[in-house]
Undergrad: 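Quick one: this structure, given as structure tokens, is what I'll be asking you about.
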Amino acid sequence: MSKVVKIKPHHHIADKKIAAPTLTRRRTASECPVYSPPSDDYVLDHMLHAKIAKLTGGISPISLALAGFDWWAHLMFSPSKIQVLGQSLLEKATQISGYAMQAASGHAIAPVTPPPDDHRFTSEDWKQFPFNIFEQGFLLYQQWWDEATSGVRGVSPHHLNIASFAARQLLDMASPSNNPFINPDILQTAKEQGGRNFWQGALNLVDDVTRTATHKPPAGAEAFKVGEDVAVTPGKIVYRNDLIELIQYTPTTAEVYAAPILITPAWIMKYYILDLSPYNSLVKYLVGKGHTVFMISWKNPDACDRDVGLEDYLHTGLGEALKAVKAITHAAQVQAMGYCLGGTLLAIMAAAHARDGDNSFKTITLLASQVDFEEAGEILLFVDEDQVAFLEDVMWDKGYLDKSQMAGAFQMLRSNDLIWSRVINDYMEGKRGSMFDMMAWDADATRMPYRMHSEYLRQLFLKNDLAEGRFMVDEKPVALQDIHTPIFSVGTARDHVAPWKSVYKILLLTESDVTFVLTSGGHNAGIVSEPGHKGRHYQIAAMPATARYTPPGQWQALTPSKEGSWWEEWQAWLEGHSDGKTKPPAMGNAKDYAALEDAPGTYVMMK
């Protein structure tokens with residue numbers, strides 16, 4: 001039987017309201033009011049690993065080496081697999097040779113087609129000689145490496161996935177689309193501009209390096225100022241402690257639904273992903289439909305917050321926000337919504353409430369949120385015992401995980417779209433992609449406290465304690481199976497952070513009536529899917545707790561697709577679980593919750 005691991009908060013940060021912080025920037029360890037340098041028996045180890053991390057982007061070289069050796073050693077002792085790979089290599093060489101001769105005569109049929117999500121060779125110029133030979137040769141070689149890093153018996157699945165991932169990264173780097181001398185699109189641009197594109201690309205590169213070194217946002221992001229262009233839905237900060245600010249949004253209707261909505265965003269991101277521009281703000285949409293909306297705005301942690309733990313986020317964060325919402329609105333129950341990690345936190349609190357007989361949640365909405373991390377997708381490539389220990393050493397000295405290290409890992413999961421396409425567009429063709437609100441928000445990332453992030457990775461990802469009933473809240477385990485509250489769960493079709501089939505597991509782990517939505521788009525774009533957004537579609541089905549389980553693939557095949565925004569389905573669901581309407585609650589003059597300042601507040605401004 002697995003050992004039960006207890007999570008004890010190092011301390012509960014101040015539960016009383018505090019004045020606006022005087023600093024809106026990151027503090028160093030020397031600026032902390034009470035600080036003693038971390039020390040243990042492994043100081044040299046921590047220091048060495050932290051230095052190495054600066055060169056590897058926070059990825060453990062030992063983890064990569066172990067995976068590579070596991071794959072290579074088993075491959076070397078698999079003569080049948082080697083024979084198959086040798087035969088495949090010979091066949092592909094024959095294919096590209098024959099194709100090259102046909103292409104030279106202008107009558108060639110491509111032996112391989114790029115995957116649907118590979119947009120590197122979409123230009124018609126890639127179909128012309130000799131560029132079509134470069135394209136087809138690369139795609140065949142890529143196929144061979146896929147074969148070489150799959151189906152090797154004896155290799156641990158995790159190591160095989162890492163080997164495959166590493167091979168993809170090297171192949172993406174070596175793609176002919178990244179070579180300005182054999183990329184027809186770049187050559188055409190150079191011809192039209194007389195090579196000025198390379199000069200402009202060099203200027204763009206210098207500008208980007210300078211911005212990174214001086215901690216400035218990417219080019220164009222200055223057009224989206226928080227509180228002026230984004231995060232502009234009117235509201236008040238009605239509560240603040242050392243971890244959160246709570247925003248109460250100003251009502252725009254004469255009556256509101258009796259049960260307020262409390263939104264818990266992920267602390268890995270600024271909250272205003274749900275309040276971007278007025279036309280695509282989920283908050284503005286809800287307020288306009290007659291809901292009383294509250295939003296948690298998490299503090300951007302720094303070195304002084306190194307010992308803030310996961311249970312602090314639960315109690316001092318979500319718990320204090322819930323207490324404030326109920327006091328301000330005088331509502332017995334709240335319609336709670338959590339996004340990404342915020343949804344995971346909400347599920348933990350719902351399980352703890354169910355255990356303790358607390359009925360504060362009338363409904364629960366989970367947006368791209370996982371509660372079972374066994375199949376958490378490609379992000380698991382960066383989560384094993386070695387990698388987590390390495391990250392802990394990275395955080396040991398600073399007291400937090402920097403946003404650049406997290407962003408780098410996510411970018412590698414989609415390196416073609418997020419890294420190499422930018423290299424081609426900005427630095428080789430000398431262009432600047434147009435900045436929009438979501439891109440500016442994405443660049444405004446946050447940090448993660450040492451203690452919390454370590455607990456999160458170990459308890460949820462490595463050990464999957466929440467799904468398996470070992471997760472402790474207040475020194476007692478919680479079980480998702482205790483939850484009977486109606487759930488509205490949204491997964492996104494192209495999610496690299498919370499794969500929808502992993503999100504779908506909520507149906508296996510609770511005793512609730514679940515309405516599940518699968519929407520087009522990725523982790524963020526699929527959620528910010530306002531009515532009227534062209535090309536958006538979704539699937540939705542309501543499944544009572546008594547219904548038989550339907551596997552995700554079968555569910556997707558049987559559930560009809562609808563055009564439009566899932567927001568409208570959610571609004572109808574929220575309305576269906578409401579107890580009529582009432583007058584809007586007071587703004588900023590409730591007992592103990594007077595308005596401190598206008599939204600968006602101070603914490604969202606912290607860099």
Side-chain angles (χ1 to χ4, degrees), residues 12 14-18 233-241 243-265 271 274-275 282-297 314-338 342 345-346 349-365 483-488 570-601:
H12 282 298
D15 291 338
K16 62 180 184 297
K17 292 182 290 184
I18 62 173
T233 303
K236 300 287 185 181
I237 303 299
V238 294
Y239 176 75
R240 177 188 292 120
N241 62 29
L243 187 57
I244 68 165
E245 289 179 333
L246 182 65
I247 304 172
Q248 179 183 359
Y249 290 96
T250 305
T252 59
T253 55
E255 291 186 321
V256 295
Y257 291 102
I261 296 176
L262 172 59
I263 300 176
T264 307
Y271 82 85
L274 300 173
D275 186 26
L282 179 57
V283 169
K284 184 175 184 295
Y285 173 82
L286 291 171
V287 171
K289 292 296 182 179
H291 293 282
T292 299
V293 180
F294 292 82
M295 174 81 75
I296 292 175
S297 176
L314 185 69
H315 292 304
T316 310
L318 178 55
E320 288 299 314
L322 178 62
K323 178 183 175 182
V325 170
K326 293 174 70 176
I328 292 169
T329 63
H330 304 291
Q333 290 186 302
V334 171
Q335 302 216 65
M337 185 266 268
L345 192 73
L346 174 58
M349 177 161 280
H353 279 190
R355 179 197 65 192
D356 299 337
D358 188 327
N359 295 317
S360 294
F361 294 138
K362 187 174 186 61
T363 66
I364 296 170
T365 298
I483 301 175
H484 292 80
T485 307
I487 294 174
F488 191 97
W570 184 40
Q571 151 60 19
W573 184 84
L574 290 171
E575 182 179 358
H577 287 86
S578 298
D579 295 326
K581 292 189 174 183
T582 185
K583 291 183 179 180
M587 282 291 301
N589 59 2
K591 182 181 179 182
D592 298 327
Y593 295 100
L596 302 175
E597 62 179 292
D598 290 336

Undergrad: Using the test side chain to side chain contact (heavy atoms under 4.5 Å, CB included), find all partners of Pro585 that sit at least two apart in sequence or belong to another chain.
TA: Gln248, Val256, Thr292, Thr329
Undergrad: Hey, could you give me the CG/CD1 distance between Asp592 and Ile328, rounded to the nearest 0.5 Å?
TA: 10.0 Å
Undergrad: What residues form a side chain to side chain donor-acceptor pair (under 3.5 Å) with Asn359, not counting sequence neighbours?
TA: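 Residues passing side chain to side chain donor-acceptor pair (under 3.5 Å) with Asn359: none at all.
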Undergrad: Do Met337 and Leu274 have side-chain heavy atoms sitting under 4.5 Å apart?
TA: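 Yes, side chains in contact.
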Undergrad: Taking side chain to side chain donor-acceptor pair (under 3.5 Å) as the definition, give me every residue that meets it alongside Asp356, ordered by chain and number, with sequence neighbours left out.
TA: none
Undergrad: Can you name the closest pair of heavy atoms from Lys289 and Tyr257 and give their distance?
TA: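 Closest heavy-atom pair between Lys289 and Tyr257: O-CE1, 3.3 Å.
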Undergrad: Rounded to the nearest 0.5 Å, what separation is found between the CD1 atom of Ile263 and the CE atom of Met295?
TA: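 Result: 4.0 Å between the selected atoms.
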Undergrad: Ala258 and Ala331: which non-hydrogen atoms are nearest, and at how many Å?
TA: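 Taking every non-hydrogen atom into account, O-CB, 4.0 Å.
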Undergrad: Any chance you could measure Asn241, atom CG, to Thr316, atom OG1, to the nearest 0.5 Å?
TA: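 Output value for this atom pair is 6.0 Å.
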Undergrad: If every non-hydrogen atom of Val287 is compared with every non-hydrogen atom of Thr250, which pair is closest and at what distance?
TA: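 Reported closest heavy-atom pair: CG1-O, 3.3 Å.
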Undergrad: With Lys236, which residues qualify under side chain to side chain donor-acceptor pair (under 3.5 Å), at least two apart?
TA: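 For Lys236 the side chain to side chain donor-acceptor pair (under 3.5 Å) partners, ignoring immediate neighbours, are Asp598.
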Undergrad: For Ala324 and Leu246, work out which heavy atoms get closest and say how close.
TA: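 Where Ala324 meets Leu246 most closely, the heavy atoms are CB-CD2, 3.6 Å.
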Undergrad: Is it true that atom NZ of Lys362 has more than 12 heavy atoms of other residues, nucleotides or ligands lying nearer than 6.0 Å?
TA: yes
Undergrad: Between atom CG of Leu322 and atom CG of Asp358, what is the distance when rounded to the nearest 0.5 Å?
TA: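 These two atoms lie 7.5 Å from each other.
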Undergrad: Can you tell me if NZ on Lys323 sees more than 12 non-hydrogen neighbours from other groups inside 6.0 Å?
TA: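 Check fails, neighbour count at 12 or below.
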Undergrad: For a 4.5 angstrom cut-off between non-hydrogen side-chain atoms, does Leu346 reach Phe361?
TA: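 Side chain of Leu346 against side chain of Phe361, heavy atoms only: contact under 4.5 Å found.
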Undergrad: Could you pull out all residues at least two apart from Ala352 that satisfy side chain to side chain contact (heavy atoms under 4.5 Å, CB included)?
TA: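 With neighbours one apart ignored, the set is Arg355, Val473, Val478.
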Undergrad: CD of Glu245 to CD of Glu597: how many Å apart, nearest 0.5 Å?
TA: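 Rounded to the nearest 0.5 Å, the CD-CD separation comes to 5.5 Å.
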Undergrad: Measure the OG-CD distance between Ser578 and Gln335 for me, rounded to the nearest 0.5 Å.
TA: 4.5 Å
Undergrad: Quick one, Ile244 and Leu318 - any side-chain contact, counting heavy atoms below 4.5 Å?
TA: no
Undergrad: How about Leu286 and Trp570: do any of their side-chain heavy atoms sit closer than 4.5 Å?
TA: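 Result yes, sub-4.5 Å side-chain heavy-atom pair found.
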Undergrad: In chain order, what residues pass the ring-ring contact (aromatic ring centres under 6.0 Å, His included) check against His577, with sequence neighbours excluded?
TA: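 Trp573.
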Undergrad: Are any of the side-chain heavy atoms of Ile247 and Ile237 separated by less than 4.5 Å?
TA: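 Answer yes - side chains close enough.
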